[in-house]
Amino acid sequence: MEKITVNIINNSANPLPAYETSGSAGMDLRASLDQPMVLEPLQRAMVPTGIHIALPEGYECQIRPRSGLAAKHGITVLNSPGTIDADYRGEIKVILVNLSNEPFTINPGERVCQMVISRYSRAEWIQVETLDETERGSGGFGHTGVK
């Protein structure tokens, strides 16, 4: 497994993001709030984290939902996965949405999402008249059936 170093500024009262287990791909981000924030059903909000990072070129940070919040409370990241580009230096804010029928309270320091740092490639387009043939061809949504 490759390890990289990332410069980070933590303007919150929370600890730095950390891997919770040796096999974790993501680190939890916490809400940097002065007081609890209530998300009403179907309401969305940008939740500050107080975290700023400087990723090396060729890397991105993906912001993903926490499965427990999604399964138990219907709270998810609206633009999942959100992408933090290597050249972004602002505060990481998380767009959360409440997809449940009940209000949900986000408390200061609560873990609201996870972030995964990964390599990416950039494409160089080559415009052509035809594409090579494959077994799938242009089969799209549901083309392989249910079973």
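None of these values were measured; they are calculated from a predicted model. All heavy atoms count here, side chains included; hydrogens, waters and symmetry mates do not.
Judged by distance alone, with hydrogens and angles left aside, the side-chain atoms of T76 form no donor-acceptor pair with the main-chain N or O of L78 at under 3.5 Å. Remark: side-chain polar atoms of E91 are paired, donor with acceptor, to backbone N or O of G50 under 3.5 angstrom. A donor-acceptor distance shorter than 3.5 angstrom exists from the side chain of N98 to the backbone of S100, with no hydrogens or angles considered. The closest donor-acceptor contact from the side chain of N14 to the backbone of A31 lies under 3.5 Å. Using a distance-only test at 3.5 Å, with no hydrogens or angles considered, a donor-acceptor pair links the side chain of T49 to the main chain of I92. Looking only at distances, no side-chain donor or acceptor of R136 sits under 3.5 Å from a matching main-chain atom of E133.
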*asked:* Walk me through whether D28 and E20 qualify under side chain to side chain contact (heavy atoms under 4.5 Å, CB included).
replied: CA-CA 8 Å; D28 291 334; E20 297 294 326; 4.1 Å; yes
_V77 vs L96, test: side chain to side chain contact (heavy atoms under 4.5 Å, CB included). Steps then yes/no._
CA-CA 5 Å; V77 175; L96 292 183; 4.1 Å; yes
*Step by step, would you call S118 with Q62 a side chain to side chain contact (heavy atoms under 4.5 Å, CB included)?*
CA-CA 8 Å; S118 59; Q62 295 180 4; 3.9 Å; yes
*Would you check, one step at a time, whether the test side chain to side chain contact (heavy atoms under 4.5 Å, CB included) holds for V97 with L42?*
CA-CA 6 Å; V97 64; L42 299 180; 5.8 Å; no
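The distance from the CG atom of N11 to the CD1 atom of I51 is 8.0 Å, given to the nearest 0.5 Å. To the nearest 0.5 Å, atoms CG (L69) and CD (Q114) are separated by 10.5 Å. Expressed to the nearest 0.5 Å, how far CG of L16 lies from CZ of R30 amounts to 11.0 Å.
With hydrophobic clusters built from ILVMFWY side chains whose heavy atoms lie under 4.5 angstrom apart, L99 does not share a cluster with I106. At a threshold of 4.5 Å between side-chain heavy atoms, the hydrophobic network of Ile, Leu, Val, Met, Phe, Trp and Tyr places V6 and Y88 in one connected group. The hydrophobic clustering, which links ILVMFWY residues whose side-chain heavy atoms are closer than 4.5 Å, places I95 and L39 apart. The hydrophobic cluster containing V116 does not contain Y19, counting ILVMFWY residues as joined when their side-chain heavy atoms lie under 4.5 angstrom apart, directly or transitively. In terms of hydrophobic clustering, with Ile, Leu, Val, Met, Phe, Trp and Tyr side chains grouped at heavy-atom distances under 4.5 Å, M46 and I53 are assigned to different clusters.
The environment of R111 atom CZ is dense: over 12 non-hydrogen atoms of other residues, nucleotides or ligands sit within 6.0 angstrom. For E57, the CD atom sits in a loose shell: 12 or fewer heavy atoms of surrounding residues, nucleotides or ligands are nearer than 6.0 Å.
Side-chain contact between S32 and P108 is absent, with no heavy atoms from C-beta onward closer than 4.5 Å.
Classification of R119 and E60 as a salt-bridged pair fails, no side-chain N sitting under 4.0 Å from a carboxylate O.
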